[in-house]
Every structure is written in C-alpha cells, then in structure tokens.
Amino acid sequence: MTAKELRKKEAEAPTHVERSEQCPVFVPPVDIRESVSDVVLLADMPGVDENNVDVDLEGDVLTIRGHGEETTPQGHSLNYREYRSGNYERSFTLSRDIDREAVTAVMKNGVLRLTLPKAKEAQPKRITVKAG
Amino acid sequence: MMWQVPGGTYWNPFGELARVNREMSRLADAFRGVQGIDAGDFPAASMWTNEDQTLMTVELPDVNPEELDITVKDTVLTLRGKREEEALGENEKYIRQERGTGSFVRSFSLPHRVDSEKVSAEYRNGILYLTLPRRDMDKPRKIAVKADTA
C-alpha cells in the first residue's frame, strides 16, 4: 500500500450538486467482509464519536455520515498541518438479502462497525441426505 | 554524459532506466512536499505552538492506545505503534479492503525542548492529542529596553 492510498480522500459531490457546507467532506476508507451469516463494514472516521455519526438506509442505499471534531486549539500558532478535520460521507448499495431491521452500528476509536445480518432466506441451508 | 557501470563491464540499459525513474519520482516527491497540506506519511499529524507549549494531533483510528510508544528526546518526538488486522472468521472473506494495517514509526522535530515529565497524551475517537510543555529555561523571555535618559 503506498503512502498516497493512506491519505484521506475528499469526497466528490455528484455532478450538478453543490455542497452547502463550509468544511471539507472526506470519503472514509472501508473494509467490507462477508461471512455466511452477515456482512461487516468497517469505516475509518477519526474524530467522530457515537453522537456525531448517522447511518441512513433509504431503499437499497446505505449512507454513513460523520461529523468530525474540530481539533484546532485556541491561542496557538500553526506549525504545520498534514490533515484537515471535516465530515465524512459515503454511500453503498445493499443487496436485497440483508435483514434491514437487524442492522447494528458501533463506534469505537474512530472506527464505525456496521453489522448487516443476512436474511434467513438468503443463508445457505444444509440438506442432509438420508440413506433410502 | 558518461554511463557509470559499477562492478560490471556491460552497460545495462534497464539499470539506467531505473535510475531515471528513481530521479523522476524523487522530483515528484519534492513537488508534493511543497504543497504543504499532506506530507504523505502515516499517521498524519498537525502541530501548533505558543509560548508555553506545543500541541499535536495525530489521526490514528483503530489503535490500541496502550500499545502506542511515544518517546521525546531533545527536540525529537518519536511515535511507534501498530494497527492490527482483525483476523477473518471461518468462511469469511474480504469484499473490499481499503484500510491499511501494520506497524508504523514516525519522528517529528519539535520547535523547542520539552519538559518530558509534564508531557501528556490522550487518545479520543481515533485521534491522539499530545501536549508538550516547553522547559522553563527554554521559555521566551521579555527583555526590557531601558531608555538612556542621560
């Protein structure tokens, strides 16, 4: 992984949409892992606590938004700044086999963990074969 | 321009290409460096100073604060740590993996010497906040100028 990939990326607004916020919006890097029973999404959002994160599910589109804490201290002069604080936003399209009612979200150490359980119908069933 | 072939009698055109490539990327890095906002290193940090102290914030999501190793020697602060990769469960697979993992070490040059007894560090919401007080003897002193009334 190169250093460039480790940097925060600024979110692109969809074409013909202008942002109304003053602060920058970043795309959080995510890991998505799938098992037989659920899909887990991990998103890095440093500076965001559990009260400043929103997870919305509209139709098939899951959107995560985080409001980052402003870290600029008062009464100090800036020596250098390698990152900016700002908001985070990213959307994902869900497949139909997710149990929407059972989605859970946990925020810890600047990482959002979403657990998206698969619907019972979508989970593989083992069929035992009996000897005739 | 003379081709320099260390330890070989034949000129290797690919070696020369590699050298040009290295030079070019070094040049590109130098240009990126002057743009200021991102030095491209992990973790990204910002630093502020006033007369009494230096404050630093470091973006470090998903790190165990107990495993962070912060040392200050003279005017150099060194930060070591590790971002662990969570092991995959049975039958679990990655669909997307964008978050980096592994060890990191980074040193920062501070604008003054630090009273290492009074350094404090706090880890909150994936950001490390460091307070590095100046040593008393390094604090700036106001020098009064007397008017020569004679």
Side-chain angles (χ1 to χ4, degrees), chain A residues 1-10 24 26-53 66 68-85 88 90 92 95 107-113 124, chain B residues 25 28-29 32-33 35-65 83 85-102 104 106 108-112 123-129 131:
Chain A
M1 180 164 283
T2 66
K4 198 174 177 186
E5 288 162 356
L6 289 170
R7 281 177 223 153
K8 282 206 287 202
K9 290 182 190 70
E10 205 155 341
F26 300 102
V27 180
V30 298
D31 284 356
I32 301 176
R33 38 208 289 175
E34 183 178 12
S35 72
V36 182
S37 58
D38 55 18
V39 174
V40 174
L41 187 149
L42 299 163
D44 278 351
M45 301 200 281
V48 178
D49 66 16
E50 65 277 9
N51 302 318
N52 289 323
V53 64
E69 189 183 342
E70 179 56 58
T71 51
T72 306
Q74 297 293 311
H76 291 71
S77 58
L78 182 70
N79 291 33
Y80 59 86
R81 188 199 286 270
E82 291 174 355
Y83 73 92
R84 288 182 295 168
S85 21
Y88 298 87
R90 194 160 175 182
F92 304 88
S95 66
M107 193 78 209
K108 192 192 170 200
N109 288 350
V111 179
L112 174 71
R113 171 187 286 266
Chain B
S25 55
D29 282 350
R32 266 209 297 279
Q35 286 178 351
I37 194 141
D38 54 14
D41 286 319
F42 183 87
S46 297
M47 190 189 279
W48 292 266
T49 306
N50 71 3
E51 286 179 9
D52 301 318
Q53 60 190 9
T54 288
L55 300 176
M56 277 184 75
T57 59
V58 189
E59 263 194 334
L60 272 175
D62 203 16
V63 164
N64 181 357
R83 227 169 94 118
E85 184 176 349
E86 217 178 295
L88 283 174
E90 208 186 329
N91 294 326
E92 207 176 4
K93 60 173 194 268
Y94 275 111
I95 296 178
R96 191 180 273 269
Q97 192 173 15
E98 300 168 351
R99 301 163 66 236
T101 53
F104 56 84
R106 206 177 158 193
F108 302 91
S109 168
L110 301 170
H112 53 77
Y123 185 69
R124 197 169 70 236
N125 300 328
I127 293 184
L128 178 70
Y129 296 82
T131 308

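Letters go in sequence order (proteins before strands), and every chain restarts at 1. For the numbers below, each heavy atom of this structure counts, side chains included, while hydrogens, waters and symmetry mates do not.
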**Asked** chain A heavy atoms under 4.5 Å from B/Glu86: which part of the residue, side chain, backbone, both or neither?
**Response** both

Under 4.5 Å from any heavy atom of chain B, what part of [X] do you find: side chain, backbone, both or neither?
{"X": "A/Val36", "answer": "both"}
{"X": "A/Leu42", "answer": "both"}
{"X": "A/Thr72", "answer": "both"}

**Prompt:** Judged by atom type as modelled, is there a donor-acceptor pair below 3.5 Å linking the side chain of B/Tyr129 to the main-chain atoms of B/Val58?
**Reply:** no

**Fill in**
chain B shares the most heavy-atom pairs under 4.5 Å, among A/Pro29, A/Ala43, A/Gly68, with A/Pro29

**Prompt:** Pick from A/Pro28, A/Gly110, A/Ser77: which one has the most heavy-atom pairs with chain B under 4.5 Å?
**Reply:** A/Ser77

**Prompt:** Which residue out of B/Gly126, B/Gly89, B/Ala45 racks up the most heavy-atom pairs below 4.5 Å with chain A?
**Reply:** B/Ala45

**Complete:** Most contact-rich option vs chain A, by heavy-atom pairs under 4.5 angstrom, among B/Pro61, B/Pro111, B/Pro65, is B/Pro61

**Request:** Can you see which heavy atom on A/Tyr88 is nearest to which on A/Pro46, and at what distance?
**Result:** OH-O, 3.0 Å

**Asked** Considering all heavy atoms of both residues, which atom of B/Asp62 and which atom of B/Arg83 are nearest to each other, and what is their separation?
**Response** O-CG, 3.4 Å

**Item:** Residues B/Asn91 and A/Ser35: side-chain donor-acceptor under 3.5 angstrom
**Value:** no

**Request:** Go through B/Thr54 and B/His112 one step at a time and tell me if the side chain to side chain donor-acceptor pair (under 3.5 Å) criterion holds.
**Result:** CA-CA 8 Å; B/Thr54 288; B/His112 53 77; 2.7 Å; yes

**Asked** Between B/Glu59 and B/Arg106, is there a side-chain N and carboxylate O pair less than 4.0 Å apart?
**Response** no

